[in-house]
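Basis for what follows: all heavy atoms, side chains included, without hydrogens, waters or symmetry-related copies. So you know, we letter chains A, B, ... as the sequences are listed, proteins then strands, and number each from 1.
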There are 2 protein chains.
Amino acid sequence: MKRLDRKSDCAINFSLETFGDPWSLLIVRDIVFFGKKTYGDFLASEERIGTSVLANRLMALEKQGILSKSTNQADKRKEEYRLTEKGTDLIPVLFELMSWGAKYDANTGASPKVIAQLQKNRKGVIARAYTAAHKGVAFAA
Amino acid sequence: MKRLDRKSDCAINFSLETFGDPWSLLIVRDIVFFGKKTYGDFLASEERIGTSVLANRLMALEKQGILSKSTNQADKRKEEYRLTEKGTDLIPVLFELMSWGAKYDANTGASPKVIAQLQKNRKGVIARAYTAAHKGVAFAA
DNA sequence: CTGTATCCTTAGGGATACTG
DNA sequence: CAGTATCCCTAAGGATACAG
């Protein structure tokens, strides 16, 4: 095995091993697209993540420097998770996953026209998502 | 649960459930970047995928319409896997994974300058990767 | 060369109850 | 509200042998 117990030193493999599990990117999505911040927010997502899995993923993402955690000053009971720069740099990845999914998932029912428009506006969409994530608000594509 | 036993109808989740396992994108990478085509090619990859896992992933990717399989006419013993359009449309995803990995994986040792250059040339790089994949040859970024 | 067939092991994840 | 703590369980993956 390679150093650090990784399968290989390929950059793509590194990314997959860092956030390529079934849940991490859904949490990042929740932050970027829906402006979610708290444990309870994530728990309420459509995919119904379990409490232990969520705690585990949040911890891992924080340890990897993708999320940062802080206490809400207005309500000290609330812990808030935000994306670091390393985290917001996942936005282009999310965009491509969304784009591919929209094109090939029959269930979404996105029209070819909408998909083409999405891809055409790629730069602008990503830029606005970055801005929204930075402000900590939801971004509706 | 939602229809088709999916966690949700989100396009991002669809993508993750389709090719978001630890191996599928590495196989696609092997085809795009290294021009690999055969079972033996994939088996010889740095990450050392197991025989049964490989067979399983190839079958799944074929069933999903991401890969197509055909017999080499010159050597009938050889089975060749190629990317369909649905498969080559994963190239932008691969690009972003590579880009993020190059930026944050200390092991790759890519310089900020190289990374910036990569991102600046995004469109061209992706276009050339598409062309290479279409011809069935390796593409060195 | 291109896979199947087994066997075994383990990490990941559901469910649920509970705590500061 | 924001997690821990368990228990269970199964799909996914390593290893190895074998077959067409």
Side-chain angles (χ1 to χ4, degrees), chain A residues 1-2 4-8 13 16-27 30-31 34-64 67-82 136, chain B residues 1-2 4-8 13 16-27 30-31 34-64 67-82 136:
Chain A
M1 197 64 72
K2 295 278 167 178
L4 300 176
D5 197 36
R6 287 170 45 187
K7 285 205 295 282
S8 79
N13 183 56
L16 291 173
E17 293 191 357
T18 305
F19 55 78
D21 64 278
W23 294 109
S24 292
L25 286 178
L26 294 179
I27 292 172
D30 279 354
I31 299 177
F34 306 125
K36 297 191 175 182
K37 291 183 178 62
T38 70
Y39 188 89
D41 288 342
F42 303 126
L43 212 54
S45 286
E46 200 185 358
E47 289 86 6
R48 313 263 81 209
I49 190 171
T51 58
S52 47
V53 179
L54 176 58
N56 179 283
R57 294 294 72 189
L58 288 173
M59 193 173 54
L61 288 169
E62 195 188 352
K63 189 194 283 184
Q64 285 156 342
L67 294 184
S68 67
K69 184 181 181 177
S70 59
T71 306
N72 183 310
Q73 289 314 82
D75 182 350
K76 304 273 189 185
R77 294 174 317 172
K78 282 188 184 296
E79 296 292 338
E80 293 185 344
Y81 295 90
R82 292 169 188 285
Chain B
M1 197 66 71
K2 294 281 168 175
L4 301 174
D5 198 34
R6 288 171 46 186
K7 287 206 293 285
S8 79
N13 182 56
L16 290 173
E17 293 191 357
T18 305
F19 55 79
D21 64 279
W23 294 109
S24 292
L25 286 178
L26 294 179
I27 294 172
D30 279 353
I31 300 178
F34 306 125
K36 296 192 177 183
K37 291 182 178 63
T38 70
Y39 186 89
D41 288 343
F42 302 127
L43 213 52
S45 285
E46 199 184 0
E47 288 87 6
R48 313 262 81 208
I49 188 172
T51 57
S52 47
V53 180
L54 176 57
N56 179 284
R57 294 293 77 192
L58 288 173
M59 193 173 56
L61 289 169
E62 196 189 349
K63 190 194 281 186
Q64 284 156 343
L67 295 184
S68 67
K69 184 182 182 179
S70 59
T71 307
N72 182 311
Q73 288 314 81
D75 183 350
K76 304 275 188 183
R77 295 174 316 174
K78 282 188 184 298
E79 297 291 338
E80 294 185 346
Y81 294 90
R82 295 168 186 286

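The shortest distance between side-chain heavy atoms of Glu62(A) and Leu58(A) does not fall below 4.5 Å. Put simply, the side chain of Leu26(A) does not reach to within 4.5 Å of the side chain of Phe42(A), judged on heavy atoms.
Here Tyr81(B) lies in heavy-atom contact (under 4.0 Å) with sugar-phosphate atoms only.
Judged by atom type and distance alone, Thr51(A) reaches the base of dT4(D) through a side-chain donor-acceptor pair under 3.5 Å. The base of dT2(C) lies outside donor-acceptor range of the side chain of Thr38(B), with no N or O pair under 3.5 Å.
Distance check, rounded to the nearest 0.5 Å: NZ of Lys37(B) to OH of Tyr81(B) gives 14.0 Å.
The pair Glu80(B)-Lys78(B) does not meet the salt-bridge criterion, since no charged nitrogen lies less than 4.0 angstrom from a carboxylate oxygen.
Contact between the side-chain N/O atoms of Lys69(B) and the OP1/OP2 oxygens of dG3(C) is found at a separation under 4.0 Å.
In this structure, of dA2(D), dG14(C), dG14(D), it is dA2(D) that holds the atom nearest to the side chain of Glu79(A). With dT2(C), dG3(D), dA15(C) as the candidates, the nucleotide lying closest to the side chain of Tyr39(A) is dG3(D).
Protein atom CG of Leu54(B) is 8 Å distant from nucleotide atom P of dG3(C), rounded to whole Å. Separating the CD atom of Glu17(A) from the P atom of dA12(D) is a distance of 18 Å, rounded to the nearest angstrom.
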